[in-house]
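Shown next, in structure tokens, is the structure this report addresses.
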Amino acid sequence: MEKVSKVVEHEEEKEGEEEELSFEELGLDPRLVRALIKKEIQKPTPIQHVAIPLILEGKDVVARAKTGSGKTFAYLLPLLQKLFTGSSTKKKSGPSAVVLVPTRELSQQVYKEISSLIETCRVQVKVAQLTSSMSHSDLRTALAGPPDIIVATPACIPKCLSAGVLQPTSINESLEILVLDEADLLLSYGYEDDIKAFAAHVPRSCQCLLMSATSSEDVEKLKKLILHNPFILTLPEVGDVKDDLIPKNVQQFSISCDARDKLLHILSLLKLDLVQKKVLIFTNSIDMGFRLKLFLEKFGIKSAILNAELPQNSRLHILEEFNAGLFDYLIATDDSQTKEKEANEEGNVDKRKSRKRAKQKIDSEFGVVRGIDFKNVYTVINFELPPSASGYIHRIGRTGRAYNTGASISLVSPDEMDNFEEIQSFLRADGDTDIIVPFPLLTKNAVESLRYRAEDVSKSVTKLAIRESRALDLRNEILNSEKLKAHFESNPKDLDLLKHDKILSKNPPAPHLRDVPDYLVDPVTQEASKIIKLARAAMGNVQSGRRRGFKRKSRNDKDPLKTFSAEGPKRSRRGGGNREDKNDDQNNRRKKKNSV
Ligand SMILES: Nc1ncnc2c1ncn2[C@@H]1O[C@H](COP(=O)(O)OP(=O)(O)OP(=O)(O)O)[C@@H](O)[C@H]1O
């Protein structure tokens, strides 16, 4: 294998001076350009600008560009164009392109993006999404044809090969393009053996593309394993310029507080309207996610939960609902942390046994932090700090996507201070200036005004309450998942049927906790909250996105899911009298009176 690599530097400072080429000028097929315009995408991002022509020329490419910089289209557009215009009329026995991604969530996202482009372009290209939970017969059906493109996690391919539903010779004869997306994560998800097994069948002529947000030893390893003489696209946005690891349009803040005061601080941020919606909140354990949800619920703040324990259909549906703006707060427990914690929490019994059990309980191919394109998330809150700087980068990268702005707030307790310092120094460009700065809008007075209420409520969120809610949520979602599977097979666009931000606690929130009386809010905080509201209005985000883009269905709708309630008949949405709807109405009335 030739080892010469070409480094293509794309200086950010020169971007303005450089001629800004359009997608057409980059050589993109008019059908694809039209499809992009339909998605309101007008001009290429820097990584697309450099990668598209190289990929169209057939070069192997390693592209490193920061989160949200448009890497997916950077490889998908030329990949599709090559398949649209492929000259070979010979019937193929295997896929022309394989896209490998680390998580099922990401594979679903990429699959949808490809399907939508194919549909808009009206071309005869078939794409299949494979997951390792599929049965052999489902895999065989998905691979019949065969599809032109396969999107999968790496574990699927050896499974298909050993089941005989995919032949090594077919891959060797057919494969023209292989993409390793989120390459920095593929190995950490434990796919090394799967990728090695697959690489043995990848023909020498196959064009290989490797996309990643951060550079790491793992990326180097994959590069050596798969690529031949690649072009290395290192936009200075990543690479060596550390302060640019996170898009410039994301402001990063921190709040120092005791671990036991974190609930109080997040309450103050949300209840006093000091952050812009939508808000994605990260916790390091599933139990902490539930503690937070139950706590916020008591103050009338509804949120949805996302973690590796939930069934896959529910997870995908929760993501779709959040992206569609059906709720404003999502509490996510991210992948690697979950795995570690779950294993550790059970450590008092036999460790080996408990790890196995933990593994069974949660989905090892789950991942919401990495690569998932959350739409219109303005604020990311680290309720707990992630254990590593790269975890931090990927979490914060869920806001400020493409050309949007965003903010992040990390709550840092004294025992997280070392970790915080490590993240700070990793991000520091020149060794001096802190990238993450103290959050200026939350005053001590504002926090103290809510302390009494917060501490009172926090005591009521007991371990037992958390355990029960977690079990209830799981039960609900397993039932949902079955319904969802059947329903969404025939109505893939129907989202507004099951809500994932249901209240879990047995008692509805007390009215006096829903609203913060004016006398409790100091003038500085009132002013700050006004500024946030104005900023939101300026961004055209005054209303909650709850129903945006969705027609409210008639209550008499005969939809099979409409009457479904995993919590039993009392909370059925039929008849419009359920507790949640009433709470919503009461809340809205009160909000008008005294909105915070
Ligand atoms: N040229 C463009 N102009 C405007 N928006 C774009 C453009 N290209 C992509 N986008 C949008 O930017 C968002 C982020 O893109 P994408 O998910 O590809 O980022 P990414 O670089 O893969 O990020 P990550 O490393 O986090 O996976 C998406 O919503 C996508 O539709």
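Order of appearance sets the numbers: ligands from 1, and atoms from 1 within every ligand.
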Exercise. Could an N or O of ligand 1 be found under 3.5 Å from any N or O of Gln109, whether backbone or side chain?
Worked result: no
Exercise. For Lys43, is the nearest heavy atom under 4.0 Å from an atom of ligand 1?
Worked result: yes
For this session: For Ser254 and Ser410, run side chain to side chain donor-acceptor pair (under 3.5 Å): C-alpha distance rounded to whole Å, both residues' side-chain angles, the deciding distance at 0.1 Å, then the answer.
Result: CA-CA 5 Å; Ser254 66; Ser410 299; over 6 Å; no
Problem set entry | Check: Arg122 side chain, Ile118 main-chain N or O, donor-acceptor pair, under 3.5 Å | no
Exercise. Within the structure, does Gly70 bring an N/O atom to less than 3.5 angstrom of an N/O atom in ligand 1?
Worked result: yes
Exercise. Considering Lys71, Gln42, Gln48, which one's heavy-atom position lies nearest to atom 21 (O) of ligand 1?
Worked result: Lys71
Exercise. Is it true that atom NZ of Lys39 has more than 12 heavy atoms of other residues, nucleotides or ligands lying nearer than 6.0 Å?
Worked result: yes
Exercise. Judged by non-hydrogen atoms, does Ala65 sit under 4.0 Å from ligand 1?
Worked result: no
Exercise. Does the side chain of Ser174 come under 3.5 Å of the side chain of Ser96 through a donor N or O and an acceptor N or O?
Worked result: no
Problem set entry | ligand 1 contacted by Lys375 (non-hydrogen, < 4.0 Å) | yes
Problem set entry | Proximity flag Arg398 to ligand 1, non-hydrogen atoms under 4.0 Å | yes
Exercise. In terms of the angle between their ring planes, are Phe374 and Phe322 parallel, tilted or perpendicular, with boundaries placed at 30° and 60°?
Worked result: perpendicular
Seminar exercise, completed: Taken to the nearest 0.5 Å, the spacing of Ser212 OG from Leu186 CG works out to 10.0 Å
Exercise. Is a donor on one side and an acceptor on the other found under 3.5 Å between the side chain of Gln276 and the backbone of Tyr378?
Worked result: no
Problem set entry | Option of least heavy-atom distance to atom 7 (C) of ligand 1 (set: Leu36, Thr45, Ile47) | Thr45
Problem set entry | Exercise: identify the closest heavy-atom pair between Gln252 and Leu427 | OE1-CD1, 3.6 Å
Problem set entry | Contact check, Gly397 vs ligand 1, heavy-atom distance below 4.0 Å | no
Exercise. Quick one: which ligand 1 atoms are inside 4.0 Å of a heavy atom on Glu182?
Worked result: 24 (P), 25 (O), 27 (O)
For this session: Enumerate the atoms of ligand 1 whose separation from the nearest heavy atom of Thr72 is less than 4.0 angstrom.
Result: 16 (P), 17 (O), 18 (O), 22 (O)
Exercise. By number and element, which atoms of ligand 1 are closer than 4.0 Å to a non-hydrogen atom of Ser69?
Worked result: 19 (O), 20 (P), 21 (O)
